[in-house]
Amino acid sequence: MQGDGTSGASTPDRLLTAVEVATLLSVPESWVQEQTRLGQLPHVALGRYRRYRRAALVEWLLHRETNGNS
């Protein structure tokens, strides 16, 4: 069914799960969960669930990127 948001198509504003963030960052899901609990990763709290905006993660990464001189 098209237009109902359940087609599985990736859209820029779709919220990501911890598994998807782990894949995106090439880290274990446990690391994503721990960093989320510590408040280190930008996330959206939806009750007991945590979701992530791709744009916020990209910005977070840019702020942590170094040029190798640190």
Side-chain angles (χ1 to χ4, degrees):
M1 192 182 291
Q2 290 182 323
D4 66 356
T6 60
S7 66
S10 181
T11 58
D13 57 345
R14 186 179 72 80
L15 295 174
L16 304 175
T17 65
V19 172
E20 292 170 318
V21 173
T23 299
L24 181 68
L25 300 178
S26 299
V27 297
E29 181 186 357
S30 60
W31 183 89
V32 173
Q33 293 170 342
E34 179 182 8
Q35 295 305 304
T36 300
R37 276 193 301 276
L38 295 172
Q40 299 300 310
L41 277 178
H43 64 277
V44 177
L46 302 169
R48 67 183 185 108
Y49 301 103
R50 301 298 178 260
R51 295 296 183 259
Y52 308 84
R53 285 188 322 110
R54 183 180 299 270
L57 291 169
V58 169
E59 185 174 329
W60 177 83
L61 279 172
L62 289 173
H63 283 64
R64 279 147 189 80
E65 189 170 24
T66 65
N67 61 7
N69 293 330
S70 54

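In this text, all values refer to a predicted model and were calculated from it rather than measured experimentally.
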Under the side chain to side chain contact (heavy atoms under 4.5 Å, CB included) criterion, do L25 and V21 qualify, and how do the steps go?
-> CA-CA 6 Å; L25 300 178; V21 173; 3.7 Å; yes
Gap between atom CG of L16 and atom CZ of R54 - 0.5 Å precision =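 Answer for the CZ-CG pair, R54 versus L16, is 5.0 Å.
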Drop me the distance from L41's CG to W31's CH2, to the nearest 0.5 angstrom.
->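 CH2 of W31 is found 5.0 Å from CG of L41.
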Going through the distances and angles, do V32 and V19 end up as a side chain to side chain contact (heavy atoms under 4.5 Å, CB included)?
-> CA-CA 8 Å; V32 173; V19 172; over 6 Å; no
S26 side chain to A22 backbone, donor-acceptor under 3.5 Å =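 No.
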Does W60 reach the main-chain N or O of A55 with its side chain, forming a donor-acceptor pair under 3.5 Å?
->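 Not at all, since once roles are kept as given, no pair shorter than 3.5 Å links the two residues.
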Taking only Lys NZ, Arg NE, NH1 and NH2, and the carboxylate oxygens of Asp or Glu, determine whether E20 and R14 approach each other closer than 4.0 Å.
->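 Looking at E20 and R14, the cut-off is met.
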Which pairs pass side-chain hydrogen bond (donor to acceptor under 3.5 Å, both in side chains) with one or both residues in residues 42-51, sequence neighbours excluded?
->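 Passing the test, one end in residues 42-51: no pairs.
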L62: which other cluster members, linking ILVMFWY side chains closer than 4.5 Å, directly or transitively?
->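 So far as hydrophobic clustering goes, L62 is joined with V58.
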Side chains of Y52 and L24: closer than 4.5 Å at any heavy-atom pair?
->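 Not in contact.
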Report, as yes or no, whether the 6.0 Å neighbourhood of atom CD on E29 holds more than 12 heavy atoms from other residues, nucleotides or ligands.
->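 Result for CD/E29: enclosed.
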